[in-house]
J.: 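Dumping the structure here so I can ask a few things about it.
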Protein chains: 2
Amino acid sequence: MERLIWTRPERGNRGPAAGHSRAELAAVAVTLADRSGLAAVSMRQVAAELGTGPSSLYRYLGGRNDLLDLMADAVAGEIDLGVPLGGDPVEDLLALAVRAKAVHLRHPWLAELPPEPLRLGPHGLAYLEFALRAMAPARLPGPARLEVVAVVDALVAQFARAQRQQGAAGADRRAAQAAYLGETAAAGAYPHLAAALAGAPGGDPAEDPEALFGRTVRRVLGALLAAGTPD
Amino acid sequence: MERLIWTRPERGNRGPAAGHSRAELAAVAVTLADRSGLAAVSMRQVAAELGTGPSSLYRYLGGRNDLLDLMADAVAGEIDLGVPLGGDPVEDLLALAVRAKAVHLRHPWLAELPPEPLRLGPHGLAYLEFALRAMAPARLPGPARLEVVAVVDALVAQFARAQRQQGAAGADRRAAQAAYLGETAAAGAYPHLAAALAGAPGGDPAEDPEALFGRTVRRVLGALLAAGTPD
DNA sequence: TAAAACTGCGAACACTGATCGCAGTAAAGG
DNA sequence: CCTTTACTGCGATCAGTGTTCGCAGTTTTA
């Protein structure tokens with residue numbers, strides 16, 4: 001039985017006071033990941049950053065997975081849930097999605113996290129609760145509501161990724177990808193691909209990514225929240 | 001400069017014939033991942049399965065990443081692209097998405113793959129080209145078309161994950177998650193979450209997941225492909 | 001004061017991806 | 001034909017990984 005970290009108490013009350021805390025571990029790990037990517041978040045690195053040995057971390061964590069859970073929940077806590085709801089589920093969810101996307105942009109490693117089915121700590125739960133509260137006016141069965149949140153999250157991750165690698169010059173791999181894709185498309189075997197890529201840099205003056213995101217999310221939410229219509 | 005595997009020739013023409021092929025490596029790795037998960041796909045395991053040492057693999061691959069590229073493209077090749085198009089982008093893309101979801105269900109490790117921005121080998125490119133061809137009747141700028149494919153892919157992965165872990169009894173973690181989520185929701189601090197979860201097992205007789213997928217994708221595609229309407 | 005529960009951590013284990021260099025083999029060039 | 005070139009296979013090895021174990025020390029409870 002491998003319990004989630006959230007189900008275990010952070011501290012007993014018998015022994016000496018612990019030198020660190022889960023929050024501290026999470027903060028160090030997040031900083032490390034922000035600076036050098038998720039791969040840099042190893043038990044040894046985190047321990048070194050804390051000035052201890054690797055084995056000490058296992059007093060706070062059941063393993064590396066728990067550390068990732070902590071990280072995900074820590075950044076979930078950066079999403080402001082104090083804003084008042086307007087009453088329109090589409091607009092309220094969009095505003096939430098915009099704030100969530102900002103977090104993704106601030107912490108690119110979020111997209112690298114092994115996609116566990118659920119990685120919900122206290123902050124993640126609060127986020128989910130907030131989204132469901134925003135969706136309350138819509139007439140939808142329970143599971144469908146969760147589905148909507150999942151779809152929006154997917155859109156957030158998707159657009160954050162696109163927006164990020166469009167801005168900063170991506171890694172080697174990104175450049176190699178583009179080169180390969182360009183020359184392959186130019187070879188003539190993929191006419192539609194070539195056409196789609198050709199329309200990218202030229203043509204329109206590259207729409208504001210924020211506006212594109214807003215329009216897309218609005219459309220998708222409008223379609224998913226359409227109540228009553230069984231088809 | 002770290003070139004993609006697709007940009008390097010599989011064989012020179014000077015030395016002795018290679019004992020294996022990229023396709024063989026990919027097949028072995030896929031089989032391994034299907035049986036024991038992506039974590040079981042290590043250079044040593046794959047090499048052992050081939051009856052050689054780990055270092056031999058580096059004659060065929062630049063590294064483990066290349067192996068993952070090969071695997072992804074191999075299963076992308078399982079998607080049947082020979083079906084004729086009906087002419088309605090929404091229905092044609094949905095049919096494609098259904099076939100793609102089947103592949104995800106057959107190879108659960110696809111969801112575990114580190115989400116590189118693009119992991120497109122020949123088969124992946126053919127898939128993309130097919131999707132763009134299906135989308136040809138829609139009046140949409142090029143980048144938007146690529147965005148649509150990305151969103152659909154995200155939906156496919158999303159629903160495949162949900163459908164899979166609903167069928168088979170998930171791992172320990174899944175059970176632990178459910179238990180934790182249930183008791184936390186029951187604690188009363190998350191009323192909307194509790195309501196959404198309560199509606200799940202009882203209430204309606206659990207809609208056919210395939211129908212739910214079809215309805216959702218149709219709605220999303222309908223919203224995204226709505227041409228002309230600038231808002 | 002004794003027991004229980006806890007912390008910190010050095011040492012070690014079983015892995016991982018990756019590199020290097022050497023022996024052997026096949027084709028190309030003269 | 002023989003040399004050169006380019007390739008293959010692979011044992012040995014390196015640095016790094018997550019994780020476990022056991023011991024010494026510390027604080028609280030009984």
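Chain letters run A, B, ... following the sequence lines, proteins first, then strands; residues in each count from 1.
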J.: Give one of base, sugar-phosphate or nothing for Ser56(A), where a contact means two heavy atoms less than 4.0 Å apart.
T.: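 The answer is base, as Ser56(A) lies within the cut-off (heavy atoms under 4.0 Å) of a base atom.
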
J.: Taking only side-chain nitrogens and oxygens of Tyr60(A), does any of them come within less than 4.0 Å of OP1 or OP2 of dT7(C)?
T.: no

J.: Before giving the answer on side-chain hydrogen bond (donor to acceptor under 3.5 Å, both in side chains), spell out for Asp66(B) and Tyr58(B) the whole-Å C-alpha distance, their side-chain angles and the decisive distance to 0.1 Å.
T.: CA-CA 10 Å; Asp66(B) 283 355; Tyr58(B) 290 85; over 6 Å; no

J.: Only one of Leu70(A), Leu68(A), Asp73(A) forms a side chain to side chain contact (heavy atoms under 4.5 Å, CB included) with Ile5(A), so which one is it?
T.: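 So, applying the side chain to side chain contact (heavy atoms under 4.5 Å, CB included) to Ile5(A) and each of Leu70(A), Leu68(A), Asp73(A), only Leu70(A) qualifies.
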
J.: What is the distance, rounded to the nearest whole Å, between atom CG of Leu57(A) and atom P of dT17(D)?
T.: 13 Å

J.: Quick one, give me the B/S/- string for nucleotides 19-30 of chain C, reading 5' to 3', where B means a protein heavy atom under 4.0 Å from the base and S means that only happens at the primed atoms, P, OP1 or OP2.
T.: B-B---BBSS--

J.: Could you give the CZ-to-C1' distance, from Arg8(A) to dC6(C), as a whole number of Å?
T.: 15 Å

J.: Return the value, rounded to whole Å, for the distance between atom CG of Leu67(B) and atom C1' of dT16(C).
T.: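 Whole-Å distance recorded here is 14 Å.
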
J.: Looking at Phe213(A), I'd like to know if the NZ or CZ of Lys101(A) sits under 6.0 Å from its six-membered ring centre while staying within 45 degrees of the ring's axis.
T.: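 Yes - Lys101(A) lies over the ring of Phe213(A), closer than 6.0 Å to its centre and within 45° of its axis.
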
J.: Please determine which of Arg8(A), Arg119(A), Arg3(A), Arg64(A) meets the salt bridge (Lys or Arg N to Asp or Glu O under 4.0 Å) test together with Asp69(A).
T.: Arg119(A)

J.: Side chain of Met43(B) only, heavy atoms from C-beta on: which candidate in dG18(D), dG17(C), dG9(D) is closest?
T.: dG17(C)

J.: Round to the nearest Å and state the distance from Arg64(B) atom CZ to dT16(C) atom P.
T.: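 Answer to the nearest Å: 10 Å.
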
J.: What about Arg44(B): does its side chain form a donor-acceptor pair under 3.5 Å with the base of dG17(C)?
T.: yes

J.: Could you go through His104(B) and Gln163(B), starting from their C-alpha distance and side-chain angles, then the distance that decides it, and tell me whether this counts as side-chain hydrogen bond (donor to acceptor under 3.5 Å, both in side chains)?
T.: CA-CA 10 Å; His104(B) 266 81; Gln163(B) 190 169 340; over 6 Å; no

